[in-house]
> 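Dropping a structure here in structure tokens format, bear with me for questions.
Just so you know, these numbers come straight off a predicted model, no measurement behind them.
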Amino acid sequence: MDLQICATIYKRSSIMWNRSLLLVFFIFGVISTHAQSYEKEKETLQAEMYKYFSTTEQKKFMEVTELLKEKSLAAGDEQTFYRAWGNQAIYLSLREQRTKAKEVVGDMKQYANEHKSHFGEYTAMHVQGSVYLRMHDYANAENSFKEAVDLLHTHFPNESAAADYLELVTIANRRGNSALGKEYGEKVLKEPNLQPQHKIRAFSMLCQYAYTEGDEKRFNELYNEWKELLQKTSGGSLEATVETEYLIINKRYEEALKTCENVPLKNRGSLRAHIYHLMGDDVNAYKCLKRWVSVKDSINKADQANVFSDYIIQAQNERLENERLRLEGENKTLRARIYIILVIAVIIIAAILIYKRQKTVKILREDNKHLDDARQKAEQAQNEVQKALDLKREFLYNISQELRTPLNPITGMSDLLTDDEYHFQAEERVAMNQHIKDNTKLLTKMVDNMIELSFYESKVSLPMDTPISPNIICRHMVDTLKNDCPDGLEMNFESTVPGPVMIKTNVDCIEKVIRHLVNNAFEHTTAGHITVRCSLKENRVCIAVEDTGTGVAPELADSILNASVQKDSQFKTTGMGLSICQAILKLLNGRIYLDKEYKAGARFVFELEAIRQES
């Protein structure tokens, strides 16, 4: 039967494999052709977009970006779609069409929200910040870039938000808040997948802050890391301003004067004046400052008009370069990926077939195991039921034997007293009558114990709502039971339990337990003492009843508390009282046991949870 099933599975899997293989080849052929066609078209459109970005040919720029948006949307290329849309807003903003730029950003944000595109929302917030920055609305620009950072960190934790942080540094610098600018600059270096150009720019800004603060150690650390990064990435040369500041902070003033000639005009005068001042030439320092102040306002105005547009072009060039590198890498790995995917598809199909076969075998094994477990549980339950029946029969047998012990003398002596053939003296009749009374009391006690044991074993719980000191209840029981103590015995109470310690329990039931334990001691002790002892063990109160009597035989030590076990003749009636104690303590969340280490007689101990009385 298994061979026939295997043959059927193999035949069906072969047909499935042939069909799947043809389908995989067809799908990947279509995808590969379409992907290659789209990538070439996208690369061409992006090149045209960035070509027109720096020109005034707005109509051509908009036509190219709209076409790129259409193609990328059809191909499912979300990033290209939103970047092209964002470039439209930035283009308009750079050409003073800021109202129109804000409208474009609003449309993009609404579209991204409707289509639940997190990347679209991020791009819209970033572009919105750029538009506000162009308008010198630094408050809204800062809020937009912060929201962009939060969106990127939340939905794209592995992407770098360095571009947004660098914009925040620019805003902080324009507001004159160097502490906040430094904080944002440090955050750039902590971003994941940080692009080298972003890291280089962050190093440049942080060097400026370290120079301003006069932190020579921090400046040199940043300068060395920056220089090393430039050498590794071939990212260009060091900025003349930072190079000059490096020479100044390291007291190489002559070299600093030469390098200062390459510093931008807006910073050159102040740097040269600072160098002359450090060299002690305050005359030249004053002249430099005077010339610098005269041209400072005009330089700042020109810079404010050009800095932002230059940065946008640089950012777009960086993005274009990253896209170009990414496309080159994708083209090189595309063919390899197709073969890898085909191999994976074959492996998956084979794995599915193997998995189904193994799953069937596993299910059968589990079913067999469940059947074995059920059989074992049934046998175990049957054994437990049989054991319980055996214990019940043994218990009934023991009870019937013990009941005969007082019944036989009562019956026999009653017959003798009523038989006319026997003539007893008055003293003999009194003795026989007393013997009948004693056995009647014994019989009554046994019946009462049976009823009491049955009562507590039928209970599920007992009320435990009375807080009381264990010292009080034990001393009370000792004082009460002293009157029943046989001659020749001494009854004592000892305690090491502090006064504030209480037990919350059922007082009547605890008194019954102590009474049964003391009566048990009375029956097996003829000389010495009986002591009720209280002690504290961690968070439990231990109450022990010890005697100097005959003790418990070692073979009965483990079964003395079980009412259904046959006892020695000395324990025919006491075993029932101990079983009652055990039944009561189970209902009171306590436990009772025989202390086997005590050798002077017998010591029974029961434990209850302790509480402390609030002062």
Side-chain angles (χ1 to χ4, degrees), residues 35 38-39 42-43 46 49-50 68-69 72-73 75-90 105 108-109 111-133 141-172 181 183-206 229 232-233 235 311-334 337:
Y38 166 69
E39 290 296 336
K42 183 180 77 170
E43 186 175 355
Q46 283 181 329
M49 178 181 66
Y50 289 116
L68 180 58
K69 285 169 59 181
S72 58
L73 183 62
D77 187 352
E78 184 184 46
Q79 293 190 3
T80 302
F81 172 75
Y82 283 107
R83 284 172 179 168
W85 203 345
N87 283 337
Q88 289 181 340
I90 294 173
V105 172
M108 180 167 60
K109 187 187 296 185
Y111 183 88
N113 289 333
E114 290 175 355
H115 291 78
K116 298 180 180 179
S117 171
H118 299 309
F119 183 80
E121 292 175 0
Y122 162 72
T123 306
M125 294 311 301
H126 179 85
V127 174
Q128 179 176 277
S130 300
V131 172
Y132 280 128
L133 185 59
E142 183 179 19
N143 292 334
S144 297
F145 285 122
K146 284 182 177 180
E147 188 172 345
V149 169
D150 293 338
L151 284 169
L152 197 65
H153 284 169
T154 302
H155 302 293
F156 306 98
N158 294 325
E159 294 294 328
S160 171
D164 304 286
Y165 279 130
L166 289 171
E167 297 287 17
L168 289 169
V169 173
T170 301
I171 295 171
E183 179 183 343
Y184 287 135
E186 294 289 352
K187 287 182 178 181
V188 172
L189 300 180
K190 297 177 181 179
E191 284 297 296
N193 298 319
L194 186 61
Q195 295 294 329
Q197 58 269 25
H198 293 151
K199 194 172 185 180
I200 289 170
R201 192 152 178 257
F203 276 135
S204 173
M205 293 176 171
L206 290 172
L229 180 61
K232 287 182 179 180
T233 60
Y311 170 69
I312 292 296
I313 293 172
Q314 180 183 351
Q316 297 298 336
N317 290 334
E318 290 173 356
R319 289 179 180 177
L320 182 60
E321 179 64 17
N322 291 335
E323 287 293 319
R324 185 183 66 79
L325 293 174
R326 184 181 65 80
L327 291 174
E328 287 181 357
E330 288 181 355
N331 289 333
K332 289 179 182 179
T333 57
L334 181 60
R337 286 180 180 177

> Any heavy-atom pair between the side chains of Lys109 and Gln128 that's under 4.5 Å?
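Yes. Closest side-chain heavy atoms under 4.5 Å.
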> Is the closest basic N to carboxylate O distance between Glu191 and Lys187 below 4.0 Å?
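Salt bridge between Glu191 and Lys187, a charged N being under 4.0 Å from a carboxylate O: no.
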> Would you name the heavy atoms of Ala141 and Gly129 that are closest together and state the gap between them?
CB-O, 3.6 Å
> Is the closest side-chain heavy-atom distance between Tyr50 and Asn87 below 4.5 Å?
yes
> Rounded to the nearest 0.5 Å, how far apart are CG of Leu334 and CZ of Arg337?
7.5 Å
> Could I get the full list of side chain to side chain donor-acceptor pair (under 3.5 Å) partners for Glu183, not counting sequence neighbours?
none
> For the residue pair Ile90 and Val131, establish whether any side-chain heavy-atom pair is separated by less than 4.5 Å.
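Ile90 does not reach Val131 side chain to side chain.
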> Taking all non-hydrogen atoms of both residues into account, name the closest pair between Pro196 and Leu229 and its distance.
O-CD2, 4.1 Å
> Run the side-chain contact (heavy atoms from CB on, under 4.5 Å) test on Val149 and Met125 for me, step by step, so that the C-alpha distance in whole Å, both residues' side-chain angles and the decisive distance to 0.1 Å come before the verdict.
CA-CA 9 Å; Val149 169; Met125 294 311 301; over 6 Å; no
> Taking Asn193 for the side chain and Ser160 for the main chain, is one N or O donor matched with an acceptor at less than 3.5 Å?
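The answer is no, because no donor-acceptor pair under 3.5 Å joins these two groups.
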> State which residue, out of Leu189, Val188, Thr170, fulfils the side chain to side chain contact (heavy atoms under 4.5 Å, CB included) condition with Tyr165.
Val188
> Looking at CG of Leu166 and CZ of Phe145, how far apart are the two atoms once the value is rounded to the nearest 0.5 Å?
10.0 Å
> Kindly compute the distance separating NZ (Lys146) from CD1 (Ile171), expressed to the nearest 0.5 Å.
9.5 Å
> Measure across Ala84 and Leu68 and return the closest heavy-atom pair with its distance rounded to 0.1 Å.
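Minimum heavy-atom separation between Ala84 and Leu68: CB-CD2, 3.9 Å.
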> When the ring centroid of His115 is compared with that of Tyr111, is the distance short of 6.0 Å?
yes
> Among Met108, Glu78, His155, which one satisfies side chain to side chain contact (heavy atoms under 4.5 Å, CB included) with Ser117?
Glu78
> Where do Ala112 and Gly120 come nearest, in terms of heavy atoms and distance?
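Shortest heavy-atom separation between Ala112 and Gly120 comes out as CB-C, 3.6 Å.
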> Judged by atom type as modelled, is there a donor-acceptor pair below 3.5 Å linking the side chain of Thr80 to the main-chain atoms of Asp77?
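No, because the side chain of Thr80 does not come within donor-acceptor range (under 3.5 Å) of the backbone of Asp77.
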> Quick one: pull up OG1 in Thr123 and CG in Leu151 and give me the separation to the nearest 0.5 Å.
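It comes to 10.0 Å.
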> Please determine, by modelled atom types, if Asp164 and Tyr122 share a side-chain donor-acceptor pair under 3.5 angstrom.
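There is such a pair (donor and acceptor under 3.5 Å, judged by atom type) between the side chains of Asp164 and Tyr122.
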> How many angstroms lie between atom CE of Met49 and atom NZ of Lys69, to the nearest 0.5 angstrom?
11.5 Å
> Between Phe203 and Ile200, is a side-chain contact (heavy atoms from CB on, under 4.5 Å) present by the stated rule, with each step listed?
CA-CA 5 Å; Phe203 276 135; Ile200 289 170; 5.7 Å; no
> The test is side-chain contact (heavy atoms from CB on, under 4.5 Å); show your working for Glu39 and Glu330 and say whether it passes.
CA-CA 10 Å; Glu39 290 296 336; Glu330 288 181 355; 4.1 Å; yes
> Between atom CG of Leu152 and atom CD of Glu147, what is the distance when rounded to the nearest 0.5 Å?
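Here the interatomic distance stands at 12.5 Å.
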> Which pair of non-hydrogen atoms, one from Val169 and one from Gly185, has the smallest distance, and what is that distance?
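It is CG2-N, 3.6 Å.
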> Should the pair Lys190-Glu186 be classified as a salt bridge under the 4.0 Å nitrogen-to-oxygen rule?
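Judged by the 4.0 Å cut-off on N to carboxylate O distance, Lys190 and Glu186 do not form a salt bridge.
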> Tell me, with the steps shown, if Phe119 and Arg83 meet side-chain contact (heavy atoms from CB on, under 4.5 Å).
CA-CA 10 Å; Phe119 183 80; Arg83 284 172 179 168; 3.8 Å; yes
> Does any N or O in the side chain of Ser130 come within less than 3.5 Å of the main-chain N or O of His126, such that one atom is a donor and the other an acceptor?
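Checking the backbone N and O of His126 against the side chain of Ser130, a donor-acceptor pair under 3.5 Å is found.
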